[in-house]
Amino acid sequence: MTQPYSSIALADPLQRAVADMGYENMTPIQAEAIPVVLTGKDVMGAAQTGTGKTAAFSLPLLQRLLKHENSSASPARHPVRALVLLPTRELADQVAQQVAQYAKYTKLRSAVVFGGMDMKPQTLELKKGVEVLVATPGRLLDHIEAKNAILNQVEYVVLDEADRMLDIGFLPDLQRILSYLPKERTTLLFSATFSPEIKRLAKSYLQDPVTIEVARPNETASTVEQRFFSAQDDDKRRAVRQILKDRALKQAFIFVNSKLGCARLARALERDGLKTAALHGDKSQDERLKALEAFKAGEVDLLVCTDVAARGLDIKDVPAVFNYDVPFNAEDYVHRIGRTGRAGASGLAVTLVASSDARSVAEIEKLIKKKIEVEALALDGERPRGRSHDSRRSWGDDERGGAARRGARSSGGSTYHRAPTARDPFFDRPYEPSAAADQPGWEAAPRVATRAGLSANIKPRRKVAALFKAPTPAAAAAVEVTATAADA
DNA sequence: AAAAAAC
């Protein structure tokens, strides 16, 4: 079943680069996608997080560029021949570094452009000539408009995290970028999650695509232990600290839903004496990159972050992910927990569930097609406020009971106990996906289109239609469906 | 209910 890279038709410089990185065997997505991309066909690829998607498109793409190295394009002009688009700056940086690694023994040049950094060095780089350009949408448009990047000879476009690139927040920019590209080209879409509507929209951008699915879309990695604990806001920080301690976790991502919440939690955990860095979109790019570097280097133990860090970031051996807040979008849950348990390693994903999160948890359950049990978490120390009068409830177990359980736990080795008979009454019933969740397209409810000036979840269908021109009737239809579902 | 992506 395992297939070495050496068994496929990749040029020697690429094989050497792969060997340098210590890779021998292809991952399933690579084994499936590389031969197809080598044919030059359009691809829609779905694979679990942490399974080597970047190499799956980079290697065959570079191979194709090598093969046609002496194309008719004037060498003096150095046109961009492959464009890779990503939804966050950190991800663009990471993918660019990988591409550069794979290309290091070739004459192909790559560059990366993203916002928050000085335009000038990027401009200089582009003017020197670049075959592979990695970018985030906004900054790329800047360069296009400044005529720093000429994209009319692009042969390949890759949309990584394609479902995000196609969502309503990115779509207008994406469509403008695509309008600068030749119609005759290869388009590759990759993501770990695809809602049916986004899939339909995505197909409207592809010509006769080959669909590659090495795992059921939206599937979470079996290497990640997923736990859900009932915790109200006041108890969440203590819960995090206790789980970190009980499970002897060295490092963790801690996801929060808002930038402000992220900054606040980071400060609070720092005050608790934990080495913490915050990563969110209100920080300067310099701070963002530093936070990530510090986490990678092990200088900080906790990376408190918004969904800017949910997708794609590949950091070795992150033992745990906490969802301090339950994500609004079920797809984001899949991506967030994909930061741990990568490349076959084991990982722990802990989601703290407040009583107002029932609907979101139901959405997650529906999406990942796994039964979610929300467990009670017995916190050490004083019993939690407010519920202590009712021993039927998990939080209300008296201290004696709690202590007895903890004793049993420490001898048994398992850190947690499941207390299905003593749960918060809110969770006494199993999660039933809500009626709304059964509506097709619910999970793809359109989000705010800030740059387009809309300020709320979109209601009137007309506004959506006016917001962007879909390239084909099929795409328009997909958008209509999404908007209608959101109205419901 | 938010975040992300340009200045």
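Computed from heavy atoms alone, side chains included, the values below leave out hydrogens, waters and symmetry copies. Just so we're clear, the structure is a prediction, and the values are computed from it rather than from any experiment. Chain A is the first sequence line, chain B the second, and so forth, proteins listed ahead of strands; every chain is numbered from 1.
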Revision key, fill the gap. Paired with F229(A), the side-chain contact (heavy atoms from CB on, under 4.5 Å) test is passed by just one of V353(A), T351(A), V350(A), namely V350(A)

Check your understanding: Of T51(A), T27(A), I29(A), which is the lone residue that meets side-chain contact (heavy atoms from CB on, under 4.5 Å) with V214(A)?
Key -> I29(A)

For [X] and [N], give me the distance from atom [atom1] to atom [atom2], rounded to whole Å.
X	N	atom1	atom2	value
L174(A)	dA6(B)	CG	P	13 Å
M117(A)	dA5(B)	CE	C1'	15 Å
K259(A)	dA3(B)	NZ	P	5 Å
Q175(A)	dA5(B)	CD	C1'	15 Å
D167(A)	dA4(B)	CG	P	13 Å
F114(A)	dA5(B)	CZ	P	10 Å
R311(A)	dA5(B)	CZ	P	13 Å
R164(A)	dA4(B)	CZ	P	10 Å

Check your understanding: Looking at R89(A), does any N or O in its side chain come under 4.0 Å of the phosphate oxygens OP1/OP2 on dA4(B)?
Key -> no

Review point. Taking only side-chain nitrogens and oxygens of T136(A), does any of them come within less than 4.0 Å of OP1 or OP2 of dA4(B)?
Key: no

Taking any heavy-atom pair under 4.0 Å as a contact, classify [X]: base, sugar-phosphate, or nothing.
X	value
G261(A)	nothing
D142(A)	base
R288(A)	sugar-phosphate

Check your understanding: Should we say atom CD of Q207(A) is surrounded by more than 12 heavy atoms from elsewhere, each under 6.0 Å from it?
Key -> no

Review point. Around atom CZ of R264(A), are there more than 12 heavy atoms of other residues, nucleotides or ligands at under 6.0 Å?
Key: no

